[in-house]
Participant: 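This structure is in structure tokens; I'll ask about it shortly.
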Amino acid sequence: WEARRGCFFAAKDWNDRPEADNVYPGDCCVPLSSLPDVISQTEAVFNGCGLPPIMCCHIADGNFHLLVPYNESERATMMACDKKAVELALAAGGT
């Protein structure tokens with residue numbers, strides 16, 4: 001938990017978007033064989049929406065956490081990106 005907590009505060013502090021005053025914590029898990037592709041695809045989804053995610057992973061078990069800095073006006077976009085991230089994980093046989 002300490003590492004995840006540290007990632008949350010790093011996401012809040014590291015971000016070149018000072019208007020992003022919230023951090024959304026997402027969580028996905030996929031089979032190890034799918035992990036590189038799903039991480040790349042998920043990162044592309046968020047980057048494509050202008051919401052660069054920070055990822056903290058326990059790579060040995062296929063689990064990755066998304067920490068997405070955003071502001072309230074971007075909430076709907078961020079949630080749509082998170083929905084797509086979950087869809088990518090589920091399509092890969094994950095959760």
Side-chain angles (χ1 to χ4, degrees):
W1 281 103
E2 191 61 32
R4 188 172 179 188
R5 181 176 179 267
C7 287
F8 177 86
F9 288 110
K12 196 156 179 64
D13 290 342
W14 173 91
N15 123 47
D16 58 358
R17 301 175 57 244
E19 72 280 5
D21 55 0
N22 296 301
V23 176
Y24 178 78
D27 190 353
C28 293
C29 189
V30 297
L32 288 175
S33 60
S34 300
L35 187 63
D37 290 336
V38 174
I39 285 179
S40 293
Q41 292 166 356
T42 299
E43 188 172 40
V45 166
F46 281 94
N47 283 333
C49 292
L51 299 170
I54 292 139
M55 294 193 188
C56 294
C57 309
H58 341 173
I59 297 220
D61 65 5
N63 188 238
F64 64 98
H65 301 277
L66 297 160
L67 297 149
V68 185
Y70 73 99
N71 66 47
E72 199 55 39
S73 69
E74 299 168 313
R75 184 171 181 66
T77 300
M78 186 273 306
M79 293 303 292
C81 289
D82 187 61
K83 182 176 188 237
K84 181 63 177 168
V86 171
E87 290 169 355
L88 290 167
L90 292 174
T95 61

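Keep in mind it's a predicted model, so treat the numbers as computed, not measured. Heads up: numbering here begins at 1 and tracks the sequence.
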Participant: If hydrophobic clusters are built from ILVMFWY residues whose side chains come within less than 4.5 Å, do V86 and M78 share one?
Facilitator: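 V86 does not cluster with M78.
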
Participant: Please name the residue in the list D82, L67, L66 that meets the side chain to side chain contact (heavy atoms under 4.5 Å, CB included) test with P53.
Facilitator: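 Only one option passes, and that is L66.
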
Participant: Looking at residues at least two apart in the chain, or sitting in another chain, which of them share a side chain to side chain contact (heavy atoms under 4.5 Å, CB included) with N63?
Facilitator: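 N63 satisfies side chain to side chain contact (heavy atoms under 4.5 Å, CB included) with D27, C29, H58, D61, H65 only.
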
Participant: State, to 0.1 Å, how close D21 and E72 come at their nearest heavy-atom pair, and which atoms those are.
Facilitator: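 For D21 versus E72, the nearest heavy atoms are OD1-N, 4.4 Å.
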
Participant: Hydrophobic cluster membership, with links at side-chain heavy-atom distances under 4.5 Å among I/L/V/M/F/W/Y: are L90 and M79 in one?
Facilitator: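 No, because L90 and M79 fall into different hydrophobic clusters, even though each may have its own neighbours under 4.5 Å.
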
Participant: Taking distance alone, no hydrogens or angles, what donor-acceptor pairs closer than 3.5 Å link side-chain atoms of residues 30-49 to residues at least two apart or in another chain?
Facilitator:
{"from": "S40", "atom 1": "OG", "to": "P36", "atom 2": "O", "distance (Å)": "3.1"}
{"from": "T42", "atom 1": "OG1", "to": "V38", "atom 2": "O", "distance (Å)": "2.8"}
{"from": "N47", "atom 1": "ND2", "to": "E43", "atom 2": "O", "distance (Å)": "3.3"}

Participant: Taking side chain to side chain contact (heavy atoms under 4.5 Å, CB included) as the test, write out the residues that go with E74, two or more places apart.
Facilitator: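 Scan of E74 (side chain to side chain contact (heavy atoms under 4.5 Å, CB included), adjacent residues dropped) gives R17, L51, Y70, N71.
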
